[in-house]
Amino acid sequence: MGVIINSAVAPIVLAMFWDRLTGLAMVAGSIGGTVLALIAWLSVTATYDGGLGMFRMNSSTIYSFTYFIRF
């Protein structure tokens with residue numbers, strides 16, 4: 001879920017602090033960021049053993065690893 005939500009943060013922050021940002025650019029940035037984030041997430045998950053066939057286990061491995069890095 002964080003992959004989808006975090007990709008819209010940059011356009012929202014720019015909307016608050018940059019006057020020249022248009023509505024179309026904000027929508028395009030949010031959608032583009034979401035698409036690129038999902039591509040990156042699926043690409044990294046596919047590199048683990050079992051690939052996308054074991055998607056649920058591989059994607060939870062990613063989150064477990066990032067949890068250890070944060071703390």
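The minimum heavy-atom distance between Ser43 and Ile39, with the atom names listed, is OG-O, 2.7 Å. The two residues Pro11 and Gly29 have their closest heavy-atom pair at CG-C, 3.7 Å.
Residues Trp18 and Met26 fall within the same hydrophobic cluster, defined by Ile, Leu, Val, Met, Phe, Trp and Tyr side chains chained together at heavy-atom separations under 4.5 Å. Tracing side-chain contacts under 4.5 Å through hydrophobic residues (I, L, V, M, F, W, Y), one never reaches Ile31 starting from Leu24; they form parts of separate clusters.
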